[in-house]
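This report concerns only the one structure given below.
Just so we're on the same page: letters track the sequence lines, and every chain starts at 1.
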Protein chains: 2
Amino acid sequence: MKKLINNIDDVITEQMEGMAAAHKNIKINLEPKYICRSKETKEGKVVVISGGGSGHEPMHGGFVGLGMLDAACPGEVFTSPTPDQMYECAKKVENGGGVLFLVKNYTGDVMNFEMAAEMLNADGIKTQNILIDDDVAVKDSLYTAGRRGVGTTVIMEKIVGAAAEAGYDLMQCAALAKKVNSRGRSIGMALTSCIVPAAGKPNFDIDEDEIEIGVGIHGEPGRKRIAHTNADEITTILTDAIFEDEDYTRTLREWDYTTNGWEEKEMTSKAFTAGDQMIAMVNGLGSTPLSELYCVYRKLDEICNSKSIELSRNIVGSYITALDMQGFSITLVRADEEILKFWDALVDTPALRWS
Amino acid sequence: MKKLINNIDDVITEQMEGMAAAHKNIKINLEPKYICRSKETKEGKVVVISGGGSGHEPMHGGFVGLGMLDAACPGEVFTSPTPDQMYECAKKVENGGGVLFLVKNYTGDVMNFEMAAEMLNADGIKTQNILIDDDVAVKDSLYTAGRRGVGTTVIMEKIVGAAAEAGYDLMQCAALAKKVNSRGRSIGMALTSCIVPAAGKPNFDIDEDEIEIGVGIHGEPGRKRIAHTNADEITTILTDAIFEDEDYTRTLREWDYTTNGWEEKEMTSKAFTAGDQMIAMVNGLGSTPLSELYCVYRKLDEICNSKSIELSRNIVGSYITALDMQGFSITLVRADEEILKFWDALVDTPALRWS
């Protein structure tokens, strides 16, 4: 295993220290671990917090800053942060506007963020949890009941972070986040496995001439193994999977402030159709050269044009990764005026920055 | 070889097409190949153009845009662009303010950019060439007489691009560019080789337990092979190499408008000393996870603090790469007020964006 690390036990701490040294707009807390903005949150502003296992950098810590997250809680590599960690982080940054937790759909994350939300609501701090379950690859997966949460998380953090900055209250932020989730679809593929530092060997075996279609961001198995082929064909397979995905209905839990408990609510993601406007992300999984991602974007753009789908906005780069995995994912989020307005709003974080 | 490409002959064209599809502020020309801004250059503005072999993305095409480059000429992978290509690109974008070519010190690039400058000056278009030779690793190298040009290129393109935007004339831009070069030092290291698509196999062999200190951005041999060790030790070796580098004097050629020919001018890079303020770049070589780069930045920052060197500004990410090489480089540029002013100025390119 060749990695640029020191002691395996210090990997998360040291990358957090490096981020804090490089970016003066964020600061870190190590006991328990979280990354937050250097400036205190404005009174009454909803705080938007995310978190999850480490190994997906820049997500989530790299998205802390003006116009995006207020804080992020990193777990150990591919391991959920703890309820106490989320609770302490939220207590520290919240300032009267309530807390919105953005949670990728992995069993540990869901459970721990729900426990944290219960503790916060019990303290009288209004807290709501929003799940991201946008990966069309497989129905259930290792670590996940239902669809996995992947690339739509990045888009949601940007959009909901901007809305919170603009003064949306907790209900409005939650409604917008649910809308983004219901409009997002993703799928990924792997050329190689990743190596978890503590394991010291590849997460899964894959031959020199095969690729994994539908891989998860922890190396979970996808839809199928196929022979490695050219970028256009791979991009077509992934894009087809997104466009062939039909209306998808599931129940998601949300906190009900009248019953003080979790309620199941139905949510449907409508299939994409001609005429849709999209925010597109072509995302590298950690060790994929940018030049190759542009080769993918070229084909994605061509396919979408042929389907009368407009890619109104895009980001191309490595935003939600799986350590040193080679491969990429495509995320499309069907946009509307509200979504585009908050996408375009100023953002100033280590990993996403524009005005 | 597992890459996200189609036909090997189309690699550069297709990544350019992907960039143009993703970024509406730039446009591309394919015969000959160059990337330029979508908006015409303001009359009288110096145009700042760079170029070189492909395989170092996002450099240079990703740095075309407001506040940075006017255009970039990509060659084939690790191969200089041609004089005709540079000439046609410059003729297309220049608008009365003259042309500044920023050229990394590789024999082919130097020769071809000089020929292009001669052709442009013969046409009455004032053109000056600035060399970057900042790599302290080795004295001469494969493809290079003298020091190689590496990371300082990115810093120079940002700073001189901003100065040109602010109205600096050709002489002033050239003087600023030379100042940046004289104040920049870099060194890199490789964990793995890269694979040139047309070759289909690693550029060099390196064992699972060894690393290359001082590697070049085409996989050129560096100073030494050592056993793989931890990130702190590697970062210390590289940082020491930069700080131990003494005053370095060489002659560089520049165009003399009175004699209409090349003149040799002496330039000295003064050794770094306590009290210096730096712009720092920790740069991934293509397949290095961002989390590992932050682990490196942490140690770099610690070492610099201990030497009373202030890292006033920084970028951490993959900016000047070697295809899919795993490894990183450190660049330090000694700043002053003028350099910091133009570093902080607005930039809006695919790969570097702030305001």
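- Contacts between Thr321(A) and chain B at a heavy-atom distance below 4.5 Å are absent for every atom of the residue.
- Only the side chain of Gln326(A) comes within contact range of chain B, with at least one heavy atom under 4.5 Å from a heavy atom of that chain.
- In this structure, the side chains of Leu346(B) and Leu66(B) come closer than 4.5 Å at one or more pairs of heavy atoms.
- Asp301(A) touches chain B through its side chain: at least one heavy atom from C-beta onward sits under 4.5 Å away, while N, CA, C and O do not.
- Contact count against chain A (heavy-atom pairs under 4.5 Å) is highest for Ser291(B) among Ala351(B), Cys295(B), Gly55(B), Ser291(B).
- Taking chain B as the reference chain and counting heavy-atom pairs below 4.5 Å, the highest number among Ala280(A), Pro58(A), Pro289(A) is found for Pro289(A).
- Residue Ser318(B): no heavy atom, backbone or side chain, is found under 4.5 Å from chain A.
- Checked against the 6.0 Å centroid threshold, His23(A) and Tyr294(B) count as a close aromatic pair.
- Glu302(B) has its side chain out of reach of Asp232(B): every pair of non-hydrogen atoms, C-beta onward, lies at least 4.5 Å apart.
- Contact of Leu191(A) with chain B is made through backbone and side chain together, with heavy-atom distances under 4.5 Å.
- Ranked by heavy-atom pairs under 4.5 Å with chain A, the first of Ala20(B), Ala21(B), Pro350(B), Gly317(B) is Ala21(B).
- Chain A forms the most heavy-atom pairs under 4.5 Å with one residue out of Val282(B), Asp10(B), Ile5(B), Asp324(B), and that residue is Ile5(B).
- His56(A) and His218(A) have perpendicular rings, their planes meeting at more than 60° on a 0 to 90° scale where under 30° would count as parallel.
- A heavy-atom distance below 4.5 Å is found between the side chains of Met281(B) and Ile320(B).
- Counting only distance, with no hydrogens or angles, the side chain of Glu14(A) and the backbone of Val11(A) share no donor-acceptor pair below 3.5 Å.
- Using a 4.5 Å cut-off between heavy atoms, Asp209(A) contacts chain B through its backbone alone, with no side-chain atom that close.
- Counting heavy-atom pairs closer than 4.5 Å to chain A, the top-ranked of the candidates Glu210(B), Glu233(B), Met325(B) is Glu210(B).
- Separation of atoms CG (Leu293(B)) and OH (Tyr297(B)) is listed at 12.5 Å; rounding is to 0.5 Å.
- Two residues are said to be in side-chain contact when any heavy atoms from C-beta on lie closer than 4.5 Å; Trp354(B) and Asp348(B) fail this criterion.
- The structure places CZ of Arg313(B) at 11.0 Å from NZ of Lys158(B), a figure rounded to the nearest 0.5 Å.
- For the set Met16(B), Glu57(B), Met1(B), Glu17(B), the entry with the most heavy-atom pairs within less than 4.5 Å of chain A is Glu17(B).
- Only the side chain of Met189(A) comes within contact range of chain B, with at least one heavy atom under 4.5 Å from a heavy atom of that chain.
- Only the side chain of Asn314(A) comes within contact range of chain B, with at least one heavy atom under 4.5 Å from a heavy atom of that chain.
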